[in-house]
Amino acid sequence: MTMQTTAGRDERTSTDYLTVQIWRGDRDGTFQTFKVPVRENQTVLDVVTEIQRTQDDTLSYRYACRVGMCGSCAMIVNEQPRWTCRTRVDKLGSGPLKLEPLRNLPIVKDLAVDMEPFFDKWKAAHGYFEPGDNPPADFAIVEPSSSEREAVDEAIECINCAVCYSACDVVTWNPDYLGPAALNRAWTLVNDVRDRGQDSRLTAVSGDAGCHSCHSHMSCTRFCPKELSPTFSIAGLKRATSNRLWRRKR
Amino acid sequence: MNPVLYLAQRGTAAILALAVAVHLTTIIYAVRHELTAGEILGRTHGNKAFLAFYLVFVLAASIHAPIGLRSVLREWTGWRGRSLDLAMVAFSALLLCLGIRAALAVYLA
């Protein structure tokens, strides 16, 4: 039986098989080809899971929620970083499916990457709340319509899937660059009226690895599965650090 | 890049956008009116406005270009640190000297 699909996969037999090339091994690995039956509403994560369960149980990859909540299943799908759980195979066009681990992060094995450098940069960007030595005893009132809160309405929705980090050319060229996610996180805290660590945070994002190294290619914004705009956050940090410079000189 | 270099590069870019436009306009004017080198030098000789314009142009270029080149070299060659910064200061000084020399040569010609 031939299933109705817009994928139009080539190399498909009469029983409709999808050709899948998957990166195996570490940095010096290579692609391995699999054939997977085409199924209705099949996601890329479904394909990887089927291969692992029915053809090669040594295949390593990462996922948790399967419904676009956790962001842990991000991979490079046909040269572009994506959440595999939210990527339908039949939306990817014709040709074999090519799966690689996220770029700009060390490969642990196959499709699983080491996220430690990603979160190290979060820390380096002071992407954590600093209450100060004497935090107020009462709750802070943050009006939803305040300019600081509105400036980060989108940015606080980031779930750290590292798709933006993988899409960023500047990270590839300058491995020290903090990256869109860490800078986006820093921007949310710069606008947090309760935070008392702004000076050190603005210093942390001002170096050669910081916000001013962004080329505004906007790859992070283009590929963010949540349609956030880290580029906007980085532009905000550029303004904030520049304003601090003027304030100091006065 | 730190905020000082960032602002310096953006600020000089704004100056250069205007300066390059004026520079190109004068070139087109000279070509269209078939001005000879002698006629051009006759207009620039002793012209303080001309000298001031090109000194600003040269100063902006000598600040702008090394900052951009520094970023390119950092990203494409991995050259980092103090040696790169010193090389870019030297490149800036070279641009400044050559540019001032050229502007003065035309002003004093």
Side-chain angles (χ1 to χ4, degrees), chain A residues 103-104 117 121 124-126 165 167-180 182-183 186-187 190 198-220 231-250, chain B residues 1-24 52 55-97 99-100:
Chain A
R103 293 190 191 104
N104 298 332
K121 288 183 178 179
H126 288 220
Y165 190 82
C168 179
D169 289 330
V170 182
V171 176
T172 307
W173 296 328
N174 178 8
D176 294 333
Y177 177 54
L178 293 168
L183 293 171
W187 173 241
V190 164
Q198 302 301 358
D199 203 48
S200 61
R201 181 172 297 110
L202 290 177
T203 300
V205 300
S206 291
D208 276 319
C211 60
H212 304 99
S213 295
C214 171
H215 288 232
S216 304
H217 288 169
M218 300 187 74
S219 296
C220 52
T231 311
F232 176 87
S233 300
I234 293 168
L237 287 177
K238 288 175 180 173
R239 284 195 304 275
T241 50
S242 300
N243 288 339
R244 184 178 70 143
L245 197 67
W246 291 124
R247 282 199 303 271
R248 277 184 176 176
K249 294 210 165 177
R250 269 193 237 148
Chain B
M1 193 185 294
N2 60 45
V4 176
L5 294 181
Y6 175 79
L7 287 174
Q9 197 186 29
R10 267 57 181 181
T12 52
I15 294 169
L16 286 171
L18 183 65
V20 169
V22 172
H23 180 64
L24 290 175
L55 287 179
V56 170
F57 194 158
V58 164
L59 183 64
S62 67
I63 293 171
H64 184 86
I67 297 173
L69 182 62
R70 178 179 178 272
S71 294
V72 171
L73 289 172
R74 282 177 58 86
E75 289 173 2
W76 287 82
T77 70
W79 187 8
R80 308 272 165 89
R82 192 168 174 76
S83 63
L84 174 62
D85 292 341
L86 289 174
M88 290 305 100
V89 170
F91 179 56
S92 175
L94 178 69
L95 286 180
L96 192 62
C97 289
I100 290 174

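For clarity, every value in this text was computed on a predicted model and none was experimentally measured. Order of the sequence lines sets the chain letters (A, B, ...), proteins ahead of strands, with each chain counted from 1.
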Applying a strict 4.5 Å limit to non-hydrogen atoms, the region of A/V205 in contact with chain B is neither
Residue part contacting chain B, namely of A/D176, when any heavy atom lies under 4.5 Å | side chain
State the NZ-CZ distance between A/K238 and B/R10, to the nearest 0.5 angstrom.
-> 5.5 Å
How far does SG of A/C211 sit from OH of B/Y6, to the nearest 0.5 angstrom?
-> 8.0 Å
Tightest non-hydrogen contact, residues B/P3 and A/T241, listed as CG-CB, 4.1 Å
Specify the closest pair of heavy atoms between A/V170 and B/E75, including all atoms of both residues, with the distance to one decimal.
-> CG1-OE2, 4.2 Å
State, yes or no, whether a side-chain contact exists between A/D208 and B/R80 at a heavy-atom distance under 4.5 Å.
-> no
Note, B/L7 side chain near A/W246 side chain (heavy atom, < 4.5 Å) = yes
Best-contacting candidate, A/A209, A/G207, A/S213, against chain B by heavy atom pairs under 4.5 angstrom = A/G207
